[in-house]
2 protein chains.
Amino acid sequence: METRELRYFVAVAEELHFGRAAERLGIAQPPLSRAIRALERRLGSPLLERTTRAVALTEAGSVLLTEGRTALDAVDAAERRTRRTAHTGPGVVLVAKAGASQELLTKLLAAYAAEPDAVAVDVELCGPGEQERLLRDGRADVGLLHRPFDSTAGFDTEDLHTEGQSLFLPAGHPLSTRTELRMADIEALPDLPLPRWPAADGTYPDGPGPQVRDTAQLRQLVALGRTAAVLPDSARVDLHDDVTAVALVDAPPVTTLLAWPPQSRSRAVADLVRVAARA
Amino acid sequence: METRELRYFVAVAEELHFGRAAERLGIAQPPLSRAIRALERRLGSPLLERTTRAVALTEAGSVLLTEGRTALDAVDAAERRTRRTAHTGPGVVLVAKAGASQELLTKLLAAYAAEPDAVAVDVELCGPGEQERLLRDGRADVGLLHRPFDSTAGFDTEDLHTEGQSLFLPAGHPLSTRTELRMADIEALPDLPLPRWPAADGTYPDGPGPQVRDTAQLRQLVALGRTAAVLPDSARVDLHDDVTAVALVDAPPVTTLLAWPPQSRSRAVADLVRVAARA
DNA sequence: GTCGATCGATACCGCGGGGGTATGAATGAG
DNA sequence: CTCATTCATACCCCCGCGGTATCGATCGAC
């Protein structure tokens, strides 16, 4: 099966509309229809149920959509990592969530830079949930993730640090004088609705809280008295006096870890992991 | 990048010889040379160093070989799983090492078959180390693996059972009267050299022991007094009186587990895992 | 019921590019 | 120096991908 065919199929399967899919692919609709037909003929079974009014996935089509996406990501990864190796020489791209684990990341980078044959580390910051995609399609080589928020399925991992979580409140809020809180306490926070994070497709769920993209933005909104945030304890390190943190004793613990695609156990990534595990 | 280009490159990178690679691909040598050149031009950097006498991988080429293999496996997996879904309907292929964990596997299959919406489970037996390949290229959907022998990199896993190991000896061997042994004891077994398992490429390492492909074959060789074997305790269940097992108190424990590609969390695989975890 | 809009399928054409054969050029063995 | 080996180049053919024009089926409006 050729990459082109897969891209065509995935486009149609996602749009469920030949015209729109063709537009997205930058080709005309007839060759797209033909390509899908040819693919179905070669696989020996229909992938889509078409009427003139609607297109739907068959069972087999649904499998090909899932598997095809990961296959396309793998092909993209091969191309991207090759290009990077060729042009910028050896080097790793590390991806982390903007504003998270600042301190740990700083230490890690410093410790790795001191290694005998350290290579350049390009740090890429992104929104929550985007890291897995970057690791999968080759835009990044290693990621700083947080369990249980990020999925580590399909990656090799090394746990670095586990910690509890705290509630971050505007200074002066009634709850900010408490020494500890429970999850049940924040259920009842009508004045401070919890923020809404974007889903994988970039859309925001409905709800009363403000929309946020990263931790820096969130911190600002907390300081402005617009929301409260549940974050790992380590976020306390760069608190100003406009935000107060109170320990949440029954919040699930958060583990910070390194994750990387299992086949790309390059020398550089291995060194990085070894240094991180030691610290 | 197209699948065809990747296949061509991987063939050349593995053979390090354009002529042989072309033969393997079933095309003539000139188009292959041209295809690789075109690929290098598009990626903007050489992948191979050629002289008229030798071909070698560049740094970038080495990356593309590794990443390209996994990408090709992913594409093959997409095609195979789609074909299977289309032709044999829903169903899973479970792969296990021949002769290993018989009892657990039997129980698992029976328990799953009793589930309300169980689908057909096709059991595929193979040699050690082959399972990962089958899972990666889509010939299997879920595997019964053994840590630390099998690598679980890149798979989701569910541990089922952990046990110690024993030394399996021909009945009547001097050591067979002992109640327990240590690893150091088998270093000194000149009369019974340990067997040699095939490497990933199917070749056998050098050494004095007999070559074996699976556990059944190994058991027979032990019974014949040709070798001794270190195997998980559960291999005792179908011992005849021609083989004796003695516990190895300091052997690393073996964990039997289910592994599956993270994206193929189909209903059937999920059920199978749930049933297995319960038992 | 008729008409029109929508949308996928078909027919047909042109051309780029992938594959073939023949041959050249470079290099190392003897 | 000669020859064998091996990758690159030259040239040709034709398959197949993509384009435009059009058809045919289906559904909604009235």
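Values reported hereafter were calculated over all heavy atoms of this structure, with side chains retained and with hydrogens, waters and symmetry mates removed. Here is how names work: the chains are called A, B, and so on, in the same order as the sequence lines, proteins then strands, and each is numbered from 1.
Straight-line distance from the CD1 atom of B/I36 to the P atom of C/dG18: 12 Å, rounded to whole Å.
Counting only residues at least two apart or on different chains, the side chain to side chain donor-acceptor pair (under 3.5 Å) pairs with a member in residues 21-30 of chain B are B/E14-B/R24, B/E15-B/R24, B/Q29-B/S33. For residues 138-155 of chain A, the pairs satisfying salt bridge (charged side-chain N to carboxylate O under 4.0 Å, His left out) are A/R81-A/D141, A/R84-A/D141, A/K97-A/D150, A/D137-A/R139, A/R147-A/D159, with sequence neighbours left out.
At most 12 heavy atoms of other shown residues, nucleotides or ligands fall within 6.0 angstrom of atom CZ in A/R226. Within a 6.0 Å sphere centred on CZ of B/R274, heavy atoms belonging to other residues, nucleotides or ligands number more than 12. Under a cut-off of 6.0 angstrom, the local environment of CD in B/E59 is sparse, with at most 12 non-hydrogen atoms contributed by other residues, nucleotides or ligands. More than 12 heavy-atom neighbours from other residues, nucleotides or ligands sit within 6.0 angstrom of CZ on B/R20.
Here the straight-line distance linking atom NE2 of B/H87 with atom OG1 of B/T82 works out to 10.5 Å at 0.5 Å rounding. Once rounded to the nearest 0.5 Å, the distance linking CZ of B/F9 with CG of B/L39 reads 7.5 Å. Distance check: A/E40 CD to A/L64 CG gives 10.0 Å after rounding to the nearest 0.5 Å.
Two residues are said to be in side-chain contact when any heavy atoms from C-beta on lie closer than 4.5 Å; B/V75 and B/L6 fail this criterion. Side-chain contact between B/L65 and B/L47 is absent, with no heavy atoms from C-beta onward closer than 4.5 Å. At a threshold of 4.5 Å between non-hydrogen side-chain atoms, the residues A/D271 and A/V119 do not count as touching.
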Kindly give the atom pairs (protein nitrogen or oxygen, nucleotide nitrogen or oxygen) under 3.5 Å for nucleotides 26-30 of chain C.
from	atom 1	to	atom 2	distance (Å)
C/dT27	O4'	B/T52	OG1	2.7

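Of the two residues near DNA chain D, B/V55 and B/R34, the one whose nearest nucleotide lies more 5' is B/V55.
Within residues 37-47 of chain B, no residue has any heavy atom under 4.0 Å from DNA chain C. DNA chain C lies under 4.0 Å from at least one heavy atom of each of the following residues of residues 14-32 of chain A: A/H17, A/F18, A/G19, A/Q29, A/P30.
Along DNA chain D, read 5' to 3', the first and last nucleotides having any atom under 4.0 Å from a heavy atom of chain A are D/dC17 to D/dC27.
Just one residue in the list A/V95, A/L125, A/V142 forms a side chain to side chain contact (heavy atoms under 4.5 Å, CB included) with A/Q131, and that residue is A/V95.
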